[in-house]
Amino acid sequence: DTAVSQTPKYLVTQMGNDKSIKCEQNLGHDTMYWYKQDSKKFLKIMFSYNNKELIINETVPNRFSPKSPDKAHLNLHINSLELGDSAVYFCASSQDVRSYGYTFGSGTRLTVV
Amino acid sequence: GENVEQHPSTLSVQEGDSAVIKCTYSDSASNYFPWYKQELGKGPQLIIDIRSNVGEKKDQRIAVTLNKTAKHFSLHITETQPEDSAVYFCAASPTGTASKLTFGTGTRLQVTL
């Protein structure tokens, strides 16, 4: 059983397109995150949701919009994709906002051409 | 905000030798310091963590030390094996910021036969 699963694993798309990445966790965790890993492997938080509510929103372009339909799901929608959006996007979850033991998904490699 | 620096960026050791990775952090309020291992094509996986009220923690071949005064912490891997080859990330989390990890820039460890 995959604890944190992301789909798709790979995504190749043209500039200007809109795309979504889905994330689901079956750990019963309350808190979920999106992290971006650039080509130099640097991991940076984008968003955090606790029980469907946005609690962390870093300096991310408005083109990125997270959505949490329930606490087990956190999706990421990206409008008007740009070349600089190419990266690996990781979803993660933790028991609650005070729990630091993250479980990461296996990532979605987004390539914008 | 918190800033975490990590050194070295690459590290090559022979099988059986020890490996040490060092990190410094800027926010004296940080109180949680995890280490993650990322294998090729996978998400980061928590391998060990330490809280600010502890100076050292060990788990089999892996140990972490923390010097709060100097604001640095280190990962020590003894008797390295080829399967230890991966990218290792340190991270820090300030108090009062709902479970927001700031990651170091990563160390690519290569264990050679």
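Lettering of chains follows the sequences in order, A, B, ..., and the numbering in each one begins at 1.
Residue A/Lys9 touches chain B through its side chain alone, counting heavy-atom pairs closer than 4.5 Å. Contacts of B/Pro44 with chain A are made by both backbone and side-chain atoms, with heavy-atom separations under 4.5 Å.
The environment of B/Gln81 atom CD is dense: over 12 non-hydrogen atoms of other residues, nucleotides or ligands sit within 6.0 angstrom. Within 6.0 Å of atom CD in B/Glu83, more than 12 heavy atoms from other residues, nucleotides or ligands are found, so the atom counts as buried in its surroundings. Heavy-atom neighbours of A/Lys41 NZ from other residues, nucleotides or ligands within 6.0 Å: above the threshold of 12. Annotation: A/Leu83, atom CG; neighbour count of heavy atoms from other residues, nucleotides and ligands within 6.0 Å is above 12. Annotation: A/Lys71, atom NZ; neighbour count of heavy atoms from other residues, nucleotides and ligands within 6.0 Å is above 12.
Atom NZ of B/Lys100 is separated from atom CD of A/Glu58 by 3.5 Å, given to the nearest 0.5 angstrom. One distance of note links CZ of B/Phe89 with CD of A/Gln37; it measures 4.5 Å at 0.5 Å rounding. Here the OH-OH distance, from A/Tyr102 to B/Tyr36, works out to 7.0 Å after rounding to the nearest 0.5 Å. Atom CZ in A/Phe104 sits 8.5 Å away from atom CD in B/Gln38 (nearest 0.5 Å). One finds the OG atom of B/Ser9 at 11.0 Å from the NZ atom of A/Lys40 (value rounded to the nearest 0.5 Å).
Annotation: side-chain hydrogen bond (donor to acceptor under 3.5 Å, both in side chains) contacts involving residues 104-113 of chain A, sequence neighbours excluded, comprise A/Gln6-A/Thr108. A ring pair (Phe, Tyr, Trp, His ring centres under 6.0 Å) check over residues 54-94 of chain A, counting only residues at least two apart or in different chains, returns nothing.
Residue B/Leu109 is not grouped with residue B/Val87 when hydrophobic side chains (ILVMFWY) are merged at heavy-atom distances under 4.5 angstrom, including chains of intermediate members.
Residues of residues 45-79 of chain B that come closer than 4.5 Å to chain A, counting heavy atoms only, are B/Leu46, B/Arg51, ordered by residue number.
A/Phe42 belongs to no multi-residue hydrophobic cluster, having no ILVMFWY side-chain contact under 4.5 Å with any other such residue.
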